[in-house]
Amino acid sequence: MLRRAAVPLILVAALAWTGWAFGTELVKAWAPIPDKPAPLPQRWEPRTPAARELLSWLDEVDRTLPKGSPVAVAPRPLPGSEEFFLYLWVAYGLPRHDVVRASQAWTWKRADFVVTYRMRHGDPGWVKLLGRPPEDVLPLAPQPVLDGPVGAVYRVDPSGRSSP
Amino acid sequence: MTLPTLGCILLVALLTLLIWGLGRGLVQLAGDGAPSPVTAFLAGWVTIHILLTSLQAVGIAWTRGSLLASLIVLAGSIYGASYRLCSSDPNPEDLPRPLGWGDAVAGLALAGFAVTAVTLRSVHPDFIFHWGIKAKKFVLAGGVDFQYLARPWNHYTHPDYPTLLSEIYAITTLLAGRFSEPALLLWAVPFFAGLLWISREWLALRCPSPGVRQAGLATLALGIAAFAVGYLQAGGADLLMALAVVAGAAALDRGRTDARTDLALGTAAAFAAASKIEGVVLAGILLSLGILRPMLRRELTVGTTIRRVLPTLLVVVPWFLRNRQHGLFQETNLGSFAPNRLGAIGEALLESMAIPPWHGLPFLLVALPALLLLRRPRWIAAVALLQLGFYLFVYVTTPVDPVFYVRSSFPRLLLHLVPIAMLGLVSVVGATVRTR
């Protein structure tokens with residue numbers, strides 16, 4: 001008797017629980033992404049306005065730079081591991097290129113171009129981000145090759161490059 | 001939604017049918033009748049993966065032309081041969097069963113997930129950081145881009161992982177002529193549908209009460225869809241793994257050694273091995289149990305062994321050789337056993353099981369050892385427990401920070417195991433209800 005009554009109860013409870021769970025997640029999925037504070041790159045999704053803006057601009061960068069050229073990513077200083085996640089987004093947006101991180105000396109000296117994010121050549125954050133003396137920073141032409149809404153692309157001056 | 005995007009979505013639907021038909025014809029040729037739709041679908045993808053690997057091995061770049069030509073030749077020869085040689089009568093087990101309210105609820109859950117995927121509301125971060133970027137590179141390189149994968153600074157893309165999911169995105173992009181995120185993310189839907197379909201098939205065999213079956217399927221669909229939406233599972237490979245686990249465990253559970261069962265087990269194992277690196281281990285588990293079980297009953301034949309093992313060998317051997325050739329295996333894959341970290345790992349595991357998008361469902365895994373003692377769910381529980389054991393082994397031996405590792409991966413890995421626990425429990429509840 002108890003068993004006969006318990007089975008429908010268990011099933012109804014399980015259904016109600018998972019139904020509520022699904023409904024809750026659907027409602028959350030439809031909630032707008034807040035503008036303020038803007039999410040950092042680790043929390044970006046393809047529909048996040050900041051991500052869409054970056055990817056849209058990188059589409060132009062990807063088509064403009066010579067195919068296969070090594071590109072370093074130099075964002076404005078970001079907290080924690082956010083610089084790494086921004087680099088991943090840029091790599092996704094520049095599939096025709098070999099994308100490396102400006103913050104890693106062993107990779108960024110390979111770069112022919114530097115893509116900045118929310119930062120311009122000469123900004124105070126430029127050297128701070130790299131964490132090394134200015135003479136170790138790649139010599140960049142001061143005028144950007146491409147200037148966009150969220151960043152700029154600078155060419156590395158080959159004459160000033162100290163080591164490959 | 002733009003017209004080109006709609007075209008890409010239509011292409012995904014057409015490819016789904018083509019791949020299913022291709023697998024159905026091929027399994028019919030190798031077996032003795034029509035396979036279940038899920039086996040056909042998995043066999044289709046395994047075939048495509050082997051085809052792409054072979055094209056690259058003989059130096060043919062993946063282009064729209066080479067893909068279309070090889071698909072036409074492959075489909076034509078398989079359909080031609082299976083039309084002449086095989087009976088098209090459906091297997092009695094596949095005759096349509098009447099649809100119930102639980103099927104309708106499962107359909108709604110699937111549709112809800114599909115809408116979030118196509119509107120970019122449930123995009124897995126690894127679609128950007130891993131599978132999607134690889135797919136773009138493969139499209140540009142006309143094949144798996146080993147030069148890209150081998151560069152040390154690209155380690156974040158898991159260069160040693162099997163590449164099926166990126167290949168799915170790459171061939172869709174090549175055939176469509178554009179990288180359409182909404183269409184590519186929609187690929188998660190047929191895999192989720194396959195998971196629900198194989199669960200329905202298993203419940204039909206192991207749960208005698210129709211009412212409990214319907215409630216069980218609806219509960220499973222809603223629970224998994226909740227997690228898939230809330231934890232952003234469109235565009236990742238974990239739904240593929242969840243499908244492979246249930247399909248493989250269900251085939252193992254049948255306990256037969258006919259061609260249909262052998263090929264169902266063999267294709268599920270091969271599909272797992274092509275999907276993720278932990279899928280290679282899952283394939284090993286499925287095949288070990290799949291050989292051990294008939295061996296203990298003295299039913300193991302050469303034919304059964306070949307049908308079960310060969311598909312996985314065709315996937316794993318090229319993967320292993322190519323990874324070794326290009327130096328893709330990562331040093332961080334394995335470290336040494338560190339028991340002093342067990343406490344911290346245990347806490348992180350519990351935290352991962354309690355994350356909000358799971359709504360407590362992972363705690364059903366505590367029932368797995370008990371399910372092992374019962375006749376109906378024994379084999380599926382054994383698969384899930386062994387796979388869980390492998391994950392725990394990796395966590396206690398990883399050379400990286402185990403707490404971070406658990407938190408960043410275990411919630412997703414639970415997706416491979418929770419459906420099995422739910423199915424096992426539904427079969428137990430169903431067994432307590434007398435059917436008339």
Side-chain angles (χ1 to χ4, degrees), chain A residues 2-4 6-8 10-33 41-48 51-52 55 59 62 67-68 70 72 81 84-85 87-101 104 106-108 110, chain B residues 102 105 108-109 112-113 115-116 119-123 125 127-130 132-133 135-137 139-140 148 151-154 156-157 179 181 185 209 211-212 215-216 218-232 235 356-361 422 425-426 429-430 432-434:
Chain A
L2 187 67
R3 183 186 286 182
R4 279 177 66 183
V7 168
I10 291 170
L11 293 177
V12 169
L15 257 176
W17 179 256
T18 51
W20 175 80
F22 183 54
T24 308
E25 296 304 336
L26 273 186
V27 169
K28 276 193 226 164
W30 250 261
I33 294 176
Q42 191 177 357
R43 296 276 167 215
W44 283 359
E45 298 174 31
R47 67 187 174 113
T48 307
R52 279 168 44 191
L55 290 178
D59 198 38
D62 198 44
K67 189 181 170 188
S81 54
F84 173 64
F85 285 97
Y87 155 70
L88 298 182
W89 278 94
V90 175
Y92 177 77
L94 296 178
R96 287 178 180 80
H97 299 91
D98 185 16
V99 183
V100 295
R101 295 164 74 183
Q104 291 185 324
W106 66 286
T107 59
W108 102 295
R110 298 164 181 274
Chain B
V105 173
L108 281 175
F113 172 63
V115 173
T116 63
T119 55
L120 311 183
R121 285 180 159 80
S122 54
V123 185
F127 178 79
I128 304 295
F129 306 149
H130 179 179
I133 178 66
K136 288 181 175 185
K137 295 284 184 185
V139 167
L140 292 167
Y148 161 76
R151 288 181 189 129
W153 53 90
N154 291 328
Y156 66 88
T157 60
F179 188 88
E181 283 165 352
L185 293 164
S209 160
V212 176
T219 304
L220 174 79
L222 289 167
I224 299 301
F227 176 73
V229 171
Y231 208 69
L232 314 174
W358 263 126
H359 296 272
L361 292 179
M422 293 180 84
L425 287 170
V426 172
V429 173
T432 64
V433 178
R434 253 185 231 141

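Reminder, nothing fancy here: chain letters follow the sequence lines and each chain counts from 1. None of the values given here were measured: they were computed from a predicted structure.
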**Complete:** Whatever's closer than 4.5 Å to a heavy atom in chain A on B:F179 counts as side chain
**Request:** Give, for atom CG of A:L94 and atom NZ of B:K136, the distance between the pair rounded to the nearest 0.5 Å.
**Result:** 9.0 Å
**Request:** For chain B, find which of A:Y92, A:F84, A:F22 contributes the most heavy-atom pairs closer than 4.5 angstrom.
**Result:** A:Y92
**Prompt:** Given a strict heavy-atom distance threshold of 4.5 Å, which part of A:V99 is in contact with chain B: side chain, backbone, both, or neither?
**Reply:** backbone
**Request:** Counting only heavy atoms closer than 4.5 Å, note whether B:V212 contacts chain A via side chain, backbone, both or neither.
**Result:** both
**Message:** Among residues at least two apart in sequence or on other chains, which ones pass salt bridge (charged side-chain N to carboxylate O under 4.0 Å, His left out) with B:R151?
**Reply:** A:D98
**Request:** Could you have a look at A:A91, A:G23, A:P46 and say which one has the most heavy-atom pairs with chain B under 4.5 angstrom?
**Result:** A:P46
**Asked** Which bit of A:W17 is near chain B, if near means a heavy-atom gap under 4.5 Å: side chain, backbone, both or neither?
**Response** side chain
**Heavy-atom contact with chain A under 4.5 Å, split by part of B:P125** = neither
**Asked** Highest number of heavy-atom pairs under 4.5 Å with chain B: which of A:Q42, A:R47, A:K28?
**Response** A:R47
**Asked** Going through the distances and angles, do B:F129 and A:F85 end up as a ring pair (Phe, Tyr, Trp, His ring centres under 6.0 Å)?
**Response** CA-CA 9 Å; B:F129 306 149; A:F85 285 97; 5.6 Å; yes
**Asked** Considering only heavy atoms from C-beta outward, does the side chain of A:L15 approach that of B:T219 to under 4.5 Å?
**Response** yes
